[in-house]
Amino acid sequence: MLPLKLIREQPEAVARALATRGGGGDILKELLEADRQRRELLRTAEELKARRNRTSEAIGAAKRRGEDASAEMREMRAVGDRIRELDAALQRVDGDIEGLLLALPNLPHESVPAGATADDNEEIRRWGVPRALGFEPKSHWEIGEALGVLDFERASKIAKSRFVVLWGPAARLERALIDFMLDLHTRENGYTELAVPHLVNAATMRGTAQLPKFEEQLFKTVEADDNRALYLIPTAEVPLTALHGNEVLLEADLPRRYVAYTPCYRREAGTYGQDTRGMIRQHQFDKVELVTVTTPATSYEALESMVRNAEEVLKRLELPYRVVLLCTSDMGFAAAKTYDIEVWLPSQGKYREISSCSNCEAFQARRADIRYRPAGGGKAELCHTLNGSGLAVGRTLIAILENYQEADGSVVIPTALRPYLGGLDRITAVRP
RNA sequence: GGAGGGGUGGCCGAGUCCGGUUGAAGGCACCCGCCUUGAAAGCGGGCAUCCCCGGAAGGGGAUCGGGGGUUCGAAUCCCUCCCCCUCCGCCA
């Protein structure tokens with residue numbers, strides 16, 4: 001959410017910034033008009049309330065003196081009715097403004113390249129060299145199905161498409177990846193591990209900006225009273241960021257750096273044609289998520305270190321990747337600046353997203369009310385919130401299957417992971 | 001699921017029966033000053049948030065879990081919803 005004051009005071013600048021993300025102009029116009037209306041109503045209502053307060057006090061004083069105040073009381077009854085009308089009108093306008101504000105995306109940081117499509121993203125750096133396989137690389141689903149460790153057929157039987165069952169060594173590999181990532185981030189990168197609810201309420205989803213705009217992407221529980229419905233989290237970013245909602249933290253306690261493993265649930269509405277085979281795009285996938293809550297002065301340093309923390313996972317797994325700075329139109333709704341990390345997938349001959357690290361600045365903090373008290377005391381200020389995958393576990397598993405595939409169809413386990421698999425160094429065929 | 005208790009400022013905690021100078025006592029924490037070689041203690045003072053008007057000084061409004069109602073006036077009365085705690089039952 002953007003501050004209304006900023007929109008009121010610098011409408012052209014906001015419009016320009018939003019235009020680079022593709023739109024928002026008409027919403028801005030509506031907002032400015034609604035804001036004008038609101039302030040007019042507010043002034044009138046507050047003048048009447050001031051009068052009522054003064055008179056009521058006088059009535060109280062008169063009554064204590066035993067004097068008659070029925071004329072004033074009659075008058076104030078009429079004033080009260082008028083106030084009620086104005087307040088009702090005000091409430092409608094406030095609701096409109098809230099709805100409009102919730103529909104506006106964050107403003108991009110000045111260092112973000114303006115662009116219309118993903119082609120305008122900027123490659124920042126590459127690490128590692130794709131291994132020369134010496135044979136035609138197979139896709140992860142070909143590898144996995146041949147080994148009997150990825151079972152898409154049975155998954156769609158018991159659920160539907162875009163689910164998978166992992167067998168034996170693949171299931172174990174996934175668990176190993178989770179452990180490996182959590183250990184790295186907690187022991188070496190300074191994050192605190194949390195286990196969080198996978199179902200959250202609507203207010204929480206609003207705080208991180210999944211709602212109201214992206215409801216169709218969420219799985220939701222059915223309740224007799226819809227207001228009490230819960231949503232399956234699409235990422236641990238949601239509970240981790242909302243954790244400090246309606247709190248005032250102390251600057252001395254910042255930054256807060258959290259890591260959590262959770263499954264993520266997404267409807268993937270509108271992606272019917274994309275990545276239909278394999279487990280690139282699933283309704284349920286595992287992810288180890290990093291979240292930082294910090295001060296505005298330190299949030300961009302924090303973004304850089306978060307990307308490095310996520311990259312470290314790929315380095316240790318010896319998977320080639322590149323880091324990409326997303327352009328204005330490719331960023332998520334809440335982000336002011338985003339780096340994607342893309343891992344090499346031999347079967348596709350290209351890099352594919354495996355992590356996304358964003359600084360949301362105060363956008364989520366304003367919605368969720370996450371503030372901090374500055375070290376010297378004084379007014380509480382909004383925090384900046386950041387999130388990043390460290391990493392998407394399912395896609396990491398894919399990357400291992402594809403990058404470590406052998407001519408005989410087996411898959412070598414990356415050295416760093418072997419201690420987490422009881423020394424296992426290779427996946428060979430199982431009988432599902 | 002049943003029975004009871006409770007939600008007040010950064011925290012603790014009065015006030016709610018009997019509505020009016022209570023934005024709210026007191027304490028803690030915090031900030032400034034005095035005292036002190038320094039610190040502590042002690043003493044004095046300050047200290048909620050948001051919104052609107054205003055260049056500022058300042059003025060006004062709202063907020064005692066949320067929403068609604070009664071009233072000239074509500075932290076206090078009424079309705080409703082939410083959350084937390086204790087006990088019983090059930091249960092991984």
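Below, read A as the first sequence line, B as the second, and so on, with proteins coming before strands; counting in each chain starts at 1.
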Pairs: protein N or O with nucleotides 50-55 of chain B N or O, under 3.5 Å:
from   : atom 1 : to      : atom 2 : distance (Å)
C50(B) : OP2    : K379(A) : NZ     : 3.4
C51(B) : O2'    : R38(A)  : NH2    : 3.1
C52(B) : OP1    : R8(A)   : NH1    : 3.4
C52(B) : OP1    : R8(A)   : NH2    : 2.6
C53(B) : OP1    : R39(A)  : NH1    : 2.8

Open item on the list: So if I define the base as every atom that isn't primed, P, OP1 or OP2, how would nucleotides 63-82 of chain B read as a B/S/- string at a heavy-atom cutoff under 4.0 Å?
Closed with: -----S-S-BS--------S

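- Neither side chain, T298(A) nor E301(A), offers a donor N or O lying under 3.5 Å from an acceptor on the other.
- D340(A) and S356(A) share a side-chain donor-acceptor pair at under 3.5 Å.
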Task: Residues S56(A), N53(A); criterion side-chain hydrogen bond (donor to acceptor under 3.5 Å, both in side chains); working and verdict - done: CA-CA 5 Å; S56(A) 291; N53(A) 287 346; 5.7 Å; no

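- The P atoms of C84(B) and U8(B) are separated by 14 Å, rounded to the nearest whole Å.
- Using P as the reference atom, C64(B) and G9(B) are 10 Å apart when rounded to the nearest Å.
- When the side-chain hydrogen bond (donor to acceptor under 3.5 Å, both in side chains) test is applied to D286(A), the partners found at least two apart in sequence or on another chain are Y261(A).
- To the nearest angstrom, C1' of U21(B) lies 7 Å from CZ of R64(A).
- Using a 3.5 Å distance cut-off with no hydrogens or angles, the side chains of Y300(A) and E361(A) do pair a donor with an acceptor.
- Between R162(A) and T271(A), some side-chain heavy-atom pair lies under the 4.5 Å cut-off.
- Rounded to an integer number of Å, the gap from CG of L86(A) to P of A62(B) is 13 Å.
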- [ ] Using a 3.5 Å limit on both pairing distances, list the dot-bracket string of RNA chain B from the 5' end; Watson-Crick and G-U wobble pairs count, crossing pairs take [ ], interstrand pairs take |.
- [x] ((((((((.[[[..)....(.....]]].(((((.......))))).((((((....)))))).[[[[[..)....]]]]])))))))....

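- Listed by chain and number, the residues in a side-chain hydrogen bond (donor to acceptor under 3.5 Å, both in side chains) with R371(A) are D369(A) (sequence neighbours excluded).
- In this structure, E72(A) does not pair ionically with K63(A), as no charged nitrogen and carboxylate oxygen lie closer than 4.0 Å.
- Not counting sequence neighbours, the partners of E247(A) by the side-chain hydrogen bond (donor to acceptor under 3.5 Å, both in side chains) test are H244(A).
- Distance CG (D94(A)) to P (G61(B)): 18 Å, rounded to an integer number of Å.
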- [ ] Might you work through the salt bridge (charged side-chain N to carboxylate O under 4.0 Å, His left out) test for D96(A) and R92(A), ending with a clear yes or no?
- [x] CA-CA 6 Å; D96(A) 293 348; R92(A) 279 193 300 276; over 6 Å; no

